[in-house]
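Heads up: the structure comes next, in structure tokens.
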Amino acid sequence: MAYELDNRLVIGVASSAVFDLRESDTVFRTQGEQQYRKYQEHNLDVPLPKGIAYPFIKRLLALNDLSPDASDPLVEVVLLSRNDPDTGLRVMKTIEHYSLSMTRAIFMQGQSPYEYIPALNIALFLSRHKPDVDAAIGLSHPAGQVLDSQFDDDDNDKSLRIAFDFDGVLAGDESESVMQTSGLNAFHDHEVKNVMQPHNPGPLKEFLVRISKIQSIEEAHKTQNPDYKNRIRVSIVTARNAPSHERALKTLKSWGVMANDAFFLGGIEKGKVLGILRPHIFFDDQSGHLKAASAVVPSVHIPFGITNHPRVGTELHSS
């Protein structure tokens with residue numbers, strides 16, 4: 001019987017997102033492919049250092065202990081690599097070294113595997129390679145570029161904290177377009193007028209929905225195990241504020257999801273809040289926000305919508 005992915009949370013990751021490949025990349029860029037192959041073969045049994053998305057991926061995979069059947073995991077993480085199978089062997093050995101339950105991989109020598117995202121039912125693709133992420137977003141696939149960021153992998157911390165911006169990440173950019181073209185007052189007027197109309201979905205809506213389903217499984221598990229402490233915590237960190245907050249909350253409710261925390265900051269710097277919240281991963285569509293965020297938490301750029309492909313010559317505002 002075929003292994004079905006339809007009812008799982010499937011994440012696609014480039015090796016560059018999960019492991020630190022800077023040394024390997026330097027060899028490839030400065031010495032060429034043949035020396036790169038020799039370098040990887042020589043270091044085959046030397047595990048790669050942990051990368052920025054490692055704490056997120058490790059905690060996500062740990063949620064599989066909520067499944068009553070180990071052969072039927074809630075979460076599947078698939079490696080999508082530009083390496084060929086030979087040079088990718090070190091990555092697979094590193095996965096084994098860290099005891100990550102990642103057994104499925106696609107290796108495509110020098111080519112990007114992002115076109116396989118729909119075939120694998122992937123709700124999120126993470127890579128540090130900007131052209132791959134841009135191309136994936138251009139095809140309406142859920143993708144984000146992992147940025148150089150501060151990260152902490154505390155083995156004593158079993159929780160998984162995920163933080164999202166709203167517009168251009170969870171929701172589409174229609175309202176942000178109003179902000180860009182007409183300003184803040186028109187944006188608030190537009191949101192109040194359309195408060196009962198849910199936003200169109202953005203790139204990571206389906207990812208949030210699938211995370212929410214696992215949160216529901218956690219709640220059910222807790223009824224049978226009262227000492228269990230919920231591990232997943234979802235936060236919305238957005239520059240929206242009253243009165244535009246209401247439509248955002250109604251949209252989440254219409255999708256059948258609810259955030260544990262919501263920060264409607266109205267222009268307050270997100271980095272200061274994120275430094276206290278300490279999510280294991282934060283998603284935003286605006287580079288300006290991510291500059292401060294990446295100094296304190298693992299940050300991912302979602303290159304979607306008007307703020308990344310402006311249709312007007314106005315100064316970019318907060319979303």
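By convention here, the first residue in the shown sequence is residue 1.
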Taking NZ, NE, NH1 and NH2 as the nitrogens, is one of them in [X] or [Y] under 4.0 Å from a carboxylate oxygen of the other?
X: Arg247; Y: Glu191; result: yes
X: Asp65; Y: Lys158; result: no
X: Arg37; Y: Asp84; result: yes
X: Glu218; Y: Lys222; result: no
X: Asp134; Y: Lys130; result: yes

Do we see a donor-acceptor contact under 3.5 Å between the side chains of [X] and [Y]?
X: Asn200; Y: Glu174; answer: yes
X: Asp157; Y: Ser159; answer: yes
X: Glu23; Y: Tyr39; answer: yes
X: Gln215; Y: Glu219; answer: no
X: Arg210; Y: Asn121; answer: yes

Under 4.5 Å between any side-chain heavy atoms of [X] and [Y], yes or no?
X: Glu76; Y: Ile11; answer: no
X: Val18; Y: Ile95; answer: no
X: Thr238; Y: Leu265; answer: no
X: Met102; Y: Leu61; answer: yes
X: Leu204; Y: Leu124; answer: yes

Task: Tyr3 six-ring centre to Arg104 NZ/CZ under 6.0 Å and within 45° of normal - done: yes

(request) Kindly say whether the aromatic ring centers of Phe56 and His280 come within a distance under 6.0 Å. (result) no

| task | Kindly state whether the ring of His309 and the ring of Phe304 have centres lying under 6.0 angstrom apart. | result | no

Tightest non-hydrogen contact, residues Val13 and Ile57, listed as CG1-CD1, 3.7 Å

Heavy atoms of Asp132 and Tyr114 approach each other most closely as O-CD2, 3.9 Å

*Take Tyr116 and Ile106, measure what side-chain contact (heavy atoms from CB on, under 4.5 Å) needs, and give me the verdict at the end.*
CA-CA 9 Å; Tyr116 292 86; Ile106 292 177; 4.2 Å; yes

By ring-ring contact (aromatic ring centres under 6.0 Å, His included), His129 pairs with (sequence neighbours left out) none

So with a 6.0 Å cut-off around CD of Gln111, is the heavy-atom count from everything else above 12? no

Check: More than 12 heavy atoms of other residues, nucleotides or ligands under 6.0 Å from CD of Glu96: is that the case?
Finding: no

query = Just by distance, do the side chain of Asp284 and the backbone of Leu290 share a donor-acceptor pair under 3.5 Å?
reply = no

Which of His289, Arg240, Lys270 passes side chain to side chain donor-acceptor pair (under 3.5 Å) with Asp165? Answer is Lys270

For the pair Phe151 and Tyr54, evaluate ring-ring contact (aromatic ring centres under 6.0 Å, His included) and give the outcome as yes or no after the intermediate values.
-> CA-CA 9 Å; Phe151 72 96; Tyr54 178 90; 8.1 Å; no

